[in-house]
Amino acid sequence: MTDQTSRQATATFNIDTVEHAAQTPDTELPWAELGLKQNEFEEIVRILGRRPTAAELAMYSVMWSEHCSYKSSKVHLRQFGEKVTEEMKKDLMVGIGENAGVTDLGDGWAVTFKIESHNSPSYVEPFQGAATGIGGIVRDIISMGARPVAVMDPLRFGAIDHPDTARVMHGAVAGIGSYGNSLGLPNIGGEMVFDPIYQGNPLVNALAVGVLRHEDLRLANASGVGNKVVLFGARTGGDGIGGASVLASESFDDAKPSKRPAVQVGDPFAEKVLIECCLELFKDSLVEGIQDLGAAGISCATSELASNGEGGMNVELTSVLLRDPTLTPGEILMSESQERMMAVVTPGNVEAFEAVMAKWDVEYSWLGEVTDDNRLTITWNGEVIVDVDPRTVAHDGPVYDRPYHRPSYQDALVADTFRSAVDAGRVPALPGTGDELRAAVLELMSSPNLADVSWVTRQYDHFVQGNTAMAAPDDAGVVRVDEETGMGVAVSTDCNSRYTYLDPYAGAQLALAESYRNVATAGAVPKAVSDCLNFGSPEDPEVMWQFAEAIRGLADACQQMGVPVTGGNVSLYNQTGSTPIHPTPVVATLGQFDDVSRRTPSGFHRDADGQAVYLMGVTRDELDGSEFARLRDHLGGVPPQVDLATEKLLGELLINASRDGMIDAAHDLSEGGLAAALSEMVLRFGVGARVSLDEVMQRDGVDAFTALFSESQSRAIVAVPRTEEVRFKDMTTARGFPVARIGVVDAASGALEVQDQFVLPIEELRERWAATLPEYFG
Amino acid sequence: MSTDLPLIGDFSTAGPVLTGARVGVVTFPGTLDDRDAARAVRLAGGEPVALWHAETDGGAALSSLDAVIIPGGFSYGDYLRAGAISRFAPLMDAIIAAAGGRDGSGSGLPVLGICNGFQILTEAHLLPGSMIKNDHLKFICRDQALRVENNATAWTRDFGTGEEITVPLKNQDGQYVADEHTLDELEGEGRVVFRYVGWNPNGSRRDIAGISNAAGNVVGLMPHPEHAVEAGFGPDSDHGMRMGTDGLGVFTSVLASIAGETK
């Protein structure tokens, strides 16, 4: 334990005080190097009535960055708040704006979850980038007063055979595993997509789920004049400073380290201790407000805590415990060193707070106190270096309504349908015979985006905490919350960015539809949404159009489906050179189970032998943007039709069927259509099935190829015990939902048989399916 | 279980206690599977008791206990060698003494080390050999088949010798190594308690997954029996998805041993 009163040696700086700034209005400041635009710098000068000090400039520059201020996205994100009904808000305890949204689960329980990006760091340094992505999102969850109970990681990399992909993939997966496993958080699912569009800009998103009792809810506000402000956890170092290095000119000491890592370095052990330590603080009600330190570090934590509370705060910056005593005030304010938390503690709880720190061997230092003067005042050895209205830093950043227009290429893209490409001979003839279809199924299931991902998931602990009821490869991750009743939650993240590229409005809706469907297929009632909006540069009007359309689509869809967006994250400027990534709004849906023992497995178990296999929903000729089209290097046309009312009805039917014991297996149809879904269902437990496409082909007017590979939405396959068939059919008929009995589970066959077409032994399928990732990654 | 139990890591609240046996579960900084081990003890019918690594009066803390489990995790982040720091915890001296000492001659307190706990027991020299990084250099999490090679220990008496069980395995440093002489001695004295079946997941010598001391009261194993104790939350099994409960036998075994001794 550290004596928090002992000041470490700090370098001698030519401190740019507020007083000095007022006296030297004409000093040149490196605002452009810090990423500020001229109008933004002028606005800062207007707010302050003088030039900012170096420390103030550091704070404004990071807090007004795209990442922290959402300046380009704010005008669009408002829709998530506007398009919310009272009904949708019923269980919403904390909405957008806090560290993470909180949803009521009943019986005094609540759940918080959020998804965030850590894309750029994960490209520069995949291991640490991905690891600290987990670390950051987990601290958001702790900040709400919750115990983290699970993580998920949607990943998108470049082409599987590109030499750089292995570097990023190995590092990111190892980083996620190393950090998450060491925290004792089960990794319950995610996504894995390979596409050249992500070659120079992989997407590493991370989601965390936490649970809490209502009384443990904490918010990021500094309330109570005279309460103490404390920084605890890891020491502050020079990592993750990035642009702040231009402020090094304020230092006298030229010998300081010049190159510092722009990517933060993670210490999962420190974070694990921090989790337990925070939970002990919450249990004994020792903190009034709490905020994790992520992007923009102390700048963000102090300005947000102050502006959300009584309005003011005094902080003495030399009290910050440092790893590197040469850091300048500006660098200390901007440092993104990991595993740090800031809290507000009443004077009466100081001693008890320190006892908890001592028990867990966590370092801490008291930085200052809460005031009611609406000023955030930061001093350096007593000299005032920051004197600002914290709201102007945290909330009143610039807002841009950036110009956007439909891309010039969009019409040609939409006109180039898969069928037209086939007709024109730009895509080889489609498989028609049974042998050709069989070969196509094998090709599909061994393709990078549908192949077995256990190379990845085996590196993640999904058992720890003992509450995991379902994890990858099932449709959703499921964890129990209440051990007495079995109540729990399901989460799934999804986005098909090929669809979103073809039509951002529809594509974003399809992302919600798929994650909603996955949660419902598992048997849970969808309740809330978090989104990670990965796009290119907002300064490109065509990208901005994709963004605006996707937000509008997602907000409309959430309203129609009745699930509120509770939080999330925007990641812009994702591009390789001047080529933006496909718009990738990853949608995470969270659902609730009364009892997780009702969860529905995504494959046929041996006990399901002889059960009837039903295909729910209608199959149309929808191959544009499909996985099969990807196999033929085609991307054009329009994505599958969106029908949210049908999607919601399918969800209701799946949930009811699971609650009433009418189904023993269920799997949604998405990428790869029926072919992929059936393959995955027989692969799950190695139990085969015999199906016939006749009824579907006749009823829906499609050929065998289309029946197998179309990606029509609002579909699922279920296994229904013979004794439940009448009830199941009565239910679907009564609700007017089309179903077709396509076959039976056949354990003895050891194969997927599509009658009149082909027989595919599971072992042959498994061999091809399992070989792909090891072939490229060892 | 009380409702706040999964949230705050306090698992000392008594549950349905069948045997009256009290089993300590040690928490170090970085321990992860402590609440899971406590749950396993409770589901087997015992009463779990939380033990803190920094307990200075370990003798007194252990005196009211019938057995101790050192659970899995990454104590001190495994930043040095796994278990190398934890073994110096004040409580460990008391555990070593209560277990009958390092020579393994005593028939003392039953002690089970799981995963990181096994690593700590080897670092503490209660068990021979050591654990190094998996031969494939990656963390691995899978449903693992094991053969119970010796059912004469305090932690395996509810199994049959030769019985095959499936429990989760999850580790980074799980490759058991020892010199040939030690390995021959372990084999000769029947102290190889669990062996990997089907596939050796980490390159362990002679497929060893778990061993005991000479007296059989101290057992260490890499796989996690505490994650196969509750239907719906364990490994996949013939009974369905995540329905495997083969690990429960480890915990019922020690409760039976305790009950047997007090008769």
Side-chain angles (χ1 to χ4, degrees), chain A residues 107-109 146-147 149 173-174 177-178 181-185 187 211-213 216 267-270 272-273 276 279-280 282-283 359-361 454 457-471 474 480-484 486 596-597 599 601-603 605-607 664 684-685 778, chain B residues 1-10 15 27 29-40 42-43 52 54 72-79 136-143 167-172 201 224 226-243:
Chain A
D107 283 342
W109 290 102
R147 172 178 280 283
V149 295
V173 170
S178 160
N181 294 340
S182 300
L183 291 189
L185 295 179
N187 189 311
V211 298
L212 62 153
R213 302 293 298 168
D216 291 328
D267 176 354
F269 172 64
K272 167 64 181 170
V273 170
E276 299 303 331
L279 290 168
E280 199 158 323
F282 300 148
K283 186 183 70 169
K359 175 180 170 187
W360 290 98
D361 278 326
S454 58
T457 53
R458 267 186 177 189
Q459 298 186 49
Y460 303 150
D461 183 351
H462 56 90
F463 286 105
V464 68
Q465 297 198 8
N467 287 313
T468 306
M470 214 144 86
D474 290 304
R480 175 175 57 181
V481 172
D482 186 339
E483 298 199 21
E484 280 183 348
V596 295
S597 69
R599 81 278 179 278
S602 68
H605 195 263
R606 231 171 38 190
D607 294 346
D664 278 0
R684 179 67 180 87
F685 299 108
Chain B
M1 284 193 170
S2 79
T3 48
D4 61 347
L5 194 138
L7 284 175
I8 55 174
D10 170 11
T27 299
T31 294
L32 305 177
D33 300 290
D34 43 359
R35 284 169 301 141
D36 310 84
R39 184 191 292 115
R42 190 189 310 275
L43 289 170
W52 182 240
F74 290 82
S75 59
Y76 296 98
D78 280 2
Y79 289 163
H136 46 79
L137 306 180
K138 292 192 192 76
F139 185 94
I140 184 164
C141 174
R142 70 190 298 263
D143 298 352
V167 301
L169 169 107
K170 50 190 186 86
N171 63 62
Q172 176 93 41
H224 289 259
E226 83 282 16
H227 285 296
V229 295
E230 193 179 9
F233 304 94
D236 288 345
S237 82
D238 287 348
H239 301 293
M241 181 173 68
R242 293 187 175 265
M243 298 302 272

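Both backbone and side-chain heavy atoms feed into the values below; hydrogens, waters and symmetry mates do not. Here is how names work: the chains are called A, B, and so on, in the same order as the sequence lines, proteins then strands, and each is numbered from 1.
Between B:Lys170 and B:Asp33 a salt bridge is recorded (basic side-chain N to carboxylate O distance below 4.0 Å).
Aromatic ring centres of A:Phe269 and B:Tyr76: separated by under 6.0 Å.
For A:Arg458, there are no salt bridge (Lys or Arg N to Asp or Glu O under 4.0 Å) partners at least two apart in sequence or on another chain.
Taking chain B as the reference chain and counting heavy-atom pairs below 4.5 Å, the highest number among A:Ser182, A:Gly184, A:Ser597 is found for A:Ser182. Put simply, of B:Leu32, B:Val229, B:Thr31, the one with the most heavy-atom pairs under 4.5 Å next to chain A is B:Leu32. Between chain A and the residues B:Gly30, B:Gly232, B:Pro168, the most heavy-atom pairs under 4.5 angstrom are made by B:Pro168.
Remark: B:His239 NE2 is loosely packed, at most 12 non-hydrogen atoms of other residues, nucleotides or ligands lying under 6.0 Å away.
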Q | Verdict with reasoning, A:Glu276 to A:Trp360, per side chain to side chain donor-acceptor pair (under 3.5 Å) | A | CA-CA 8 Å; A:Glu276 299 303 331; A:Trp360 290 98; over 6 Å; no
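Heavy atoms closer than 4.5 Å to chain B are found nowhere in A:Leu185, neither backbone nor side chain. The parts of A:Asp461 that come within reach of chain B are both its backbone and its side chain, each placing non-hydrogen atoms under 4.5 angstrom from that chain. For A:Val173, no part lies under 4.5 angstrom from a heavy atom of chain B. If you measure heavy-atom distances from B:Glu226 to chain A, you find no contacts under 4.5 Å at all. At a 4.5 Å heavy-atom cutoff, the contact between A:Ala469 and chain B is made by backbone and side-chain atoms alike.
At least one cation-pi condition fails for A:Arg606 and A:Phe685: the charged atom is not both under 6.0 angstrom from the six-membered ring centre and inside a 45 degree cone around its axis.
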